[in-house]
Structure formats: C-alpha cells, structure tokens
2 protein chains.
Amino acid sequence: MAKSLLDQHQLKAVAKLFGLLAEPTRLDILQNLKKTSLSVGQIVDATNAKQSNISKQLGILHDAGLLKRERQGNLIFYSIADPMIFDLCALVCGKLRKDAESQLALIRSLGK
Amino acid sequence: MAKSLLDQHQLKAVAKLFGLLAEPTRLDILQNLKKTSLSVGQIVDATNAKQSNISKQLGILHDAGLLKRERQGNLIFYSIADPMIFDLCALVCGKLRKDAESQLALIRSLGK
DNA sequence: TGACAATATTACTAATTAGCAATATTATGT
DNA sequence: ACATAATATTGCTAATTAGTAATATTGTCA
C-alpha cells in the first residue's frame, strides 16, 4: 500500500473548506442555523454583523454548498446543507476545551 | 437548557484553529508528519515549498500547539502534538469524496 | 402602478499573510 | 577558531478578503 498522501489539488480543496470555517462571522451564522432555518433578517438580528456582510457571507457559504437557499415570499431562508460541519466544530470545540482544562490544571498545580 | 451558542471570543478561537488548516502547505506538512516525526529538511524534500516557507509554517503550527519540536544535534524534528487534526481532515476528505461521487452520479444520469 | 420591505451587489478600504531571497543563528566536526 | 550544514528570521511584495456604506434588485401589497 502506497503512502496515499493528498496531491496539491486535493490539498487545495481541503484547505478551501477549512477556510470557510475560519471566520467567526461565518461560524456564527452556521451555529445559528444549527437548529432551524432562518431568514437573512433573522440571522442579522441573531449576530452583530451588518446586513450587507451577512448577505455576503451567506452567499459565500451557499456558493460553497454548505447552505441551502429557499425563497418564501419576500424572505429568503437559509439552512444547513450538510450537518457534517457540526461534527467538525464539535471536534474543534472539544479540543479547545481539553486544552483549556489541561492549562487550568497546570496553573492549579503550580499555585499549590 | 439555553441556546448554548459560542460567544465572540470562542468563535474567534475556533476560527483560528480552522484557519491553521486552511493552507495547502500547512496541510501538506501535517500529512507528511502523520506517520512519523521528520526533520525540517525532510519536510522540505517531501513538499515542494522552499525552506524558508516551511520553516515559517512549522513555526506557526508549533506556536499554535499543533506540533511538537525536538532538537537532535544539528537537526530539528517536528511531530504531531494532537492527532485530533487527522480526525478533522478525515471528515473533510470524506465529505469532499462524497460530494464528488454524487456529482459523478448526476453527470452519469444526465448522460444516459 | 407605486410605495415599501427584504435581500443582494458594488466599490472601496484596511488588514492579513503566503511566499521568496537574503541573511542570521545555531550546532557540528576538524 | 573556522568552515560547514541545518534551521530561523527579516524585509518585502502580491494577493486575498472581511467589513462597510451606498445602491440595486426583487417581491408584496394596496
């Protein structure tokens, strides 16, 4: 069995997907969409970003296939296209929490 | 139970970690370190990036706590600090593969 | 049709950063 | 001490992009 390393093209694709999750505003949008689909206005209210920025980031996430779009009259509702992203976020959050706990334990042991 | 959304600070931390994985060169370094630790020179040889850039990216990954560093005489060996990152990459790769397969199936059904 | 509300787009600025060549640092062997 | 090899750092440029205000588009209702 060979080494099976990703080639340049594949690395770029993986990097691009991670890049989509590398912005706080986009993560905020995604976590707000975790339970239910929301209109643009609702997302604007739920976050503290401007409408134009939210619209832009929604477009980016939609173009990348992470979000679905559905028009309902005057409103446009966005929803998660692939819940896998929450698995990613859960892993990262778990790691950060674990790191923080070790850090805390270290500090405690020093202060003793 | 409350909504339990991450706050701005936490979102930033998560985004930062994803950002580390959002560069092909860094991903390439990480996948080369998956099986064993390597010296800087070995990593330079394994990738097609220049020494100065590899050194810089190694520094970034090390500062972020994703890599461990160990001097052995004249060489400096880097290794993975937390294998969790490979879980992240596996998830992403799985998604990309699945997406590509659906795409392929779609094309096939159209061409029929 | 016209006013209005929701969303998207445009044009721009400021900030970040990958990559590079050149140079500096650090360790080894003689 | 000196030459050499390995790695790190510095100074720089080009490219990307988040965020914003202003404007355009699209749909609804009267």
Side-chain angles (χ1 to χ4, degrees), chain A residues 6 8-9 11-33 36-79, chain B residues 6 8-9 11-33 36-79:
Chain A
L6 302 184
Q8 293 290 109
H9 188 261
L11 286 175
K12 212 168 160 182
V14 174
K16 188 175 173 183
L17 211 161
F18 278 126
L20 291 169
L21 305 177
E23 284 301 320
T25 302
R26 286 197 287 268
L27 290 175
D28 204 3
I29 290 174
L30 292 172
Q31 74 172 349
N32 275 287
L33 290 174
T36 174
S37 73
L38 294 174
S39 71
V40 178
Q42 288 174 315
I43 297 171
V44 171
D45 291 344
T47 62
N48 50 4
K50 305 288 186 199
Q51 180 269 327
S52 62
N53 193 27
I54 289 295
S55 191
K56 183 198 218 170
Q57 305 306 332
L58 285 171
I60 291 173
L61 291 170
H62 179 259
D63 290 351
L66 294 191
L67 292 185
K68 284 183 291 189
R69 188 168 16 210
E70 188 193 0
R71 169 150 243 146
Q72 233 166 78
N74 218 6
L75 306 178
I76 297 188
F77 284 85
Y78 284 88
S79 57
Chain B
L6 302 183
Q8 292 290 108
H9 189 261
L11 287 176
K12 211 168 163 183
V14 174
K16 188 175 175 184
L17 212 161
F18 278 127
L20 292 169
L21 305 176
E23 283 300 321
T25 302
R26 285 197 288 268
L27 290 175
D28 204 1
I29 291 174
L30 292 173
Q31 74 173 348
N32 275 287
L33 290 174
T36 174
S37 74
L38 293 174
S39 71
V40 178
Q42 290 175 314
I43 298 171
V44 171
D45 292 343
T47 63
N48 50 4
K50 305 290 184 198
Q51 181 268 327
S52 62
N53 192 27
I54 290 296
S55 192
K56 183 198 217 169
Q57 303 307 330
L58 285 171
I60 291 173
L61 291 170
H62 178 260
D63 289 351
L66 293 191
L67 293 185
K68 283 183 292 189
R69 187 165 21 205
E70 187 192 0
R71 169 151 242 148
Q72 232 165 78
N74 217 5
L75 306 178
I76 296 187
F77 285 85
Y78 284 88
S79 58

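Convention: sequence-line order gives letters A, B, ...; per-chain numbering from 1.
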Heavy-atom contact window of chain B on DNA chain D, given 5' to 3' at under 4.0 Å: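 Taking any atom under 4.0 Å from a heavy atom of chain B, the span is D:dA5 to D:dT9.
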Which part of the nucleic acid, if any, lies within reach of B:I60 when heavy atoms closer than 4.0 Å are counted: base, sugar-phosphate only, or nothing? sugar-phosphate
Using a 4.0 Å heavy-atom cut-off, does B:Q51 contact any base of the nucleic acid, only the sugar-phosphate backbone, or nothing at all? base
Between B:T25 and C:dG19, is there a side-chain N or O to OP1/OP2 distance below 4.0 Å? yes
Taking only side-chain nitrogens and oxygens of A:Y78, does any of them come within less than 4.0 Å of OP1 or OP2 of C:dA8?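 For A:Y78, the contact criterion (side-chain N or O under 4.0 Å from OP1 or OP2 of C:dA8) is met.
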From A:K56 NZ over to A:T25 OG1, what is the distance, rounded to the nearest 0.5 angstrom?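 Answer rounded to 0.5 Å: 10.5 Å.
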Roughly how far, to the nearest 0.5 Å, is CG of B:L58 from CD1 of B:I76?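 Those atoms lie 9.5 Å apart.
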Taking atom types as they are modelled, would you say the side chain of B:Q57 forms a donor-acceptor pair with the base of C:dA18 within the 3.5 Å cutoff? no
For DNA chain D, what residues of residues 12-20 of chain A have any heavy atom nearer than 4.0 Å? none
Name every residue in residues 64-77 of chain A that has at least one heavy atom under 4.0 Å from any atom of DNA chain D, in order of residue number, or write none if there are no such residues.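 By residue number: A:R71, A:G73, A:N74.
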Taking the side chain as every heavy atom from C-beta outward, state whether B:F77 and B:Q42 have any atom pair closer than 4.5 Å.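 Yes, their side chains come closer than 4.5 Å.
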Are side-chain heavy atoms of B:L21 and A:V14 found at a separation under 4.5 Å?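 Result no, sub-4.5 Å side-chain heavy-atom pair not found.
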Where do B:N32 and B:A46 come nearest, in terms of heavy atoms and distance? OD1-CB, 3.4 Å
Whole-Å distance between C:dA5 C1' and A:D45 CG?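 That distance rounds to 14 Å.
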